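Here is the structure we will look at, set down as C-alpha cells.
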Amino acid sequence: MTEILSVQNLSRQFVTKHMWRKADVFTAVRDVSFNVERGEIVGVVGESGCGKSTLARLILRLMAPSSGSVYFEGRDVASFSKRELRRLRQKFQMVFQDPYSSIDPRFRIREALLEPFAVQGVALERKEARVAELLDMVGLDPSLARRYPHQMSGGQKQRIGIARALALNPSLMVLDEPTASLDVSVQAQIINLLDRLRRDLALTYIFISHDLSLVRYFCDRTIVMYAGRIVEVLPKQAAPTHPYTRMLMDSVFEPDPRSRRMISRLEGEAPSGYARPKGCPFLARCGQATAACETQEPTLAQMPAPGHTVACHHTGAAVASVA
Ligand SMILES: Nc1ncnc2c1ncn2[C@@H]1O[C@H](COP(=O)(O)OP(=O)(O)O)[C@@H](O)[C@H]1O
Ligand code: SF4
Ligand SMILES: [Mg+2]
C-alpha cells in the first residue's frame with residue numbers, strides 16, 4: 001500500500017482576545033501525527049469536544065493549523081498553489097453528520113448534486129445522466145432528483161450527502177459522524193453502502209465517530225483522541241490498552257431523551273483546553289494512576305503488536321522499556 005496522507009505534529013489553538021486582560025488560548029488539537037495508506041479506513045474516536053472535527057478541518061485545509069503539517073501524496077499542502085488547492089478540494093471530500101447543514105433547503109436533490117460542479121468550476125456536459133448515476137451509486141432511485149430535502153428520510157438525506165461528496169470523483173473522504181443522527185438499522189445500511197463504495201471506487205476513508213464499537217467494526221485502524229491528543233492507535237486485531245480506550249469500550253450506550261441518538265455516559269470530564277494540566281491529561285479520571293502520572297505526560301510508545309501505540313506510563317512505556 002502507498003501512503004496517501006501524512007499528518008505531522010498538527011496543533012490548533014483558538015485565541016479569544018479581550019480588551020483588558022490577556023487573551024484566552026484554547027488548544028483543540030495538540031501534536032497529532034499519523035499516516036493513512038491508500039485504500040485504508042482509519043477511524044478517529046473520542047468524546048464530544050476532544051478535537052475530532054477540528055482535526056478533520058485541518059486535514060482538509062478548511063482551517064490552517066497553528067503548527068504542524070499535512071502531506072498529501074508526499075507534498076506539504078501548505079506549499080500548494082491556489083490551483084493545486086482547488087484540485088485538492090476535489091480529491092478530498094467531507095461528509096457531515098447533518099448533510100443538509102451546508103445545502104440550501106430550497107434546492108431540489110438535482111441542484112444539490114450539481115452544486116459541487118458549479119462551486120469547483122467543473123464543466124459537465126451530461127448533467128442529468130451524472131445526477132442519475134450518482135443517485136444510483138448511493139442506492140437511490142433517479143426519480144428522486146426532483147424532490148426537496150424535506151421530502152426525504154434521514155437515511156436518504158445522508159445518501160445524498162454521500163452522493164454529493166462522490167460527485168467530483170474524490171480519492172479521500174473524511175466522514176464526520178455520518179451515522180450519528182440515524183436509527184441503528186439505517187446506520188447499518190449507511191455503513192454497508194460506505195463499505196461497498198470504498199471497494200468499488202478505490203476510496204480511502206477517515207471515519208470519525210464517538211462510538212468505539214462502530215469504529216472498531218468498520219475501520220482497519222482506530223485512533224483514540226483524548227483532550228486534543230492521540231492516546232492510542234489500535235490496529236484491528238489489537239486489544240484496547242489505554243485506560244481511556246477501555247473506559248470507552250465499557251461505556252453503555254442508551255437513548256438520549258432529547259434526540260434519536262444513542263449516547264454514552266462516562267464518569268468525569270476531560271480537562272479544559274484552556275488549561276494544560278501537568279502530567280497525564282487523563283489523570284483525574286484514571287483508576288491506575290501513580291505518582292509518575294502526576295508529573296510526566298506520557299508519549300506514544302510501541303506495543304508488541306505492529307502499529308499499536310499507547311500513551312500511558314503503565315502500558316506502552318512499560319512494554320517499550322522492557323523491549
Ligand atoms: N472556532 C472555534 N473557536 C473556539 N473554540 C472552538 C472552535 N471550534 C472548536 N472549538 C472548541 O474545540 C474543542 C474541540 O471541538 P471539536 O473539534 O468540534 O470536537 P469534536 O468534534 O470531537 O466534538 C471544543 O471544545 C470546541 O468548543
Ligand atoms: S499515564 Fe497514568 S494517569 Fe495516564 S492513563 Fe496511564 S495510568 Fe492513567
Ligand atoms: Mg465533531
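Just so you know, ligand 1 is whichever comes first in the structure, and atom 1 is the first atom listed for that ligand. Values below: every heavy atom of this structure, side chains too, minus hydrogens, waters and symmetry copies. Predicted model, so just to flag it, every value in this text is computed and none were measured.
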* Asked: Does the salt bridge (Lys or Arg N to Asp or Glu O under 4.0 Å) test come out yes or no for R164 and E115, once each step is laid out?
  -> CA-CA 8 Å; R164 252 170 76 97; E115 193 188 35; 2.8 Å; yes
* To do: Return the residue, atom name and 0.1 Å-rounded distance of the protein heavy atom closest to atom 20 (P) of ligand 1.
  => G49 N, 3.4 Å
* To do: Could you check atom 18 (O) of ligand 1 against the protein and tell me its nearest heavy-atom contact, residue, atom and distance included?
  => S53 CB, 3.7 Å
* Asked: Could you walk me through whether V70 and L60 pass the side-chain contact (heavy atoms from CB on, under 4.5 Å) check?
  -> CA-CA 9 Å; V70 175; L60 296 166; over 6 Å; no
* Audit row: R229, E297, salt bridge (Lys or Arg N to Asp or Glu O under 4.0 Å) steps and yes/no -> CA-CA 11 Å; R229 299 211 70 183; E297 181 164 1; 2.5 Å; yes
* To do: Give the cluster check for L134 versus V138: same hydrophobic cluster or not, with ILVMFWY residues linked at side-chain heavy-atom distances below 4.5 Å.
  => yes
* Asked: Should R130 and F117 count as side-chain neighbours, where that means a heavy-atom distance under 4.5 Å?
  -> yes
* To do: Using a cut-off of strictly less than 2.8 Å, determine whether S53 has an N/O/S atom near the Mg ion (ligand 3).
  => yes
* **Ring centres under 6.0 angstrom apart (F107, Y148)** => no
* Aromatic ring pairing Y244/Y226, orientation class (parallel under 30°, perpendicular over 60°, tilted between) -> tilted
* Distance filter under 4.0 Å to S48 heavy atoms, resulting ligand 1 atoms -> 23 (O)
* Check whether any N or O atom of T54, backbone or side chain, sits under 3.5 Å from an N or O atom of ligand 1, and answer yes or no. => yes
* **Co-membership, hydrophobic cluster, residues I109 and L193, 4.5 Å side-chain** => yes
* For atom 4 (Fe) of ligand 2, count the protein N, O or S atoms found under 2.8 Å away. => 1
* Structure fact -> Closest non-hydrogen atoms of S209 and L214, given as atom of the first, atom of the second and distance, are OG-CD2, 4.2 Å
* **Contacting atoms of ligand 1, where contact means under 4.0 angstrom from a heavy atom of E47** => 22 (O)
* So is there a nitrogen or oxygen of G51 less than 3.5 Å from a nitrogen or oxygen in ligand 1? -> yes
* Run the numbers on L135 and D141 for side-chain contact (heavy atoms from CB on, under 4.5 Å), then give the verdict. => CA-CA 6 Å; L135 286 169; D141 194 285; over 6 Å; no
* **Under 3.5 Å: N/O of A28 near N/O of ligand 1** => no
* Are any of the protein's heavy atoms under 4.0 angstrom from atom 9 (C) of ligand 1, yes or no? -> yes
* Asked: Are any of the protein's heavy atoms under 4.0 angstrom from atom 12 (O) of ligand 1, yes or no?
  -> yes
* Asked: atom 5 (N) of ligand 1: which protein heavy atom is closest, and how many Å away?
  -> F14 CD1, 3.4 Å
* **For atom 27 (O) of ligand 1, the protein heavy atom that lies nearest, with its residue and separation** => F26 CZ, 4.8 Å
* Using a 4.5 Å cut-off on heavy atoms from C-beta on, say whether the side chain of M173 contacts that of F92. => no
* Heavy atoms, side chains only, cut-off 4.5 Å: are F207 and C219 in contact? -> yes
* Asked: If you count the atoms of ligand 2 from 1 in the order shown, which ones are under 4.0 Å from a heavy atom of H242?
  -> 5 (S)
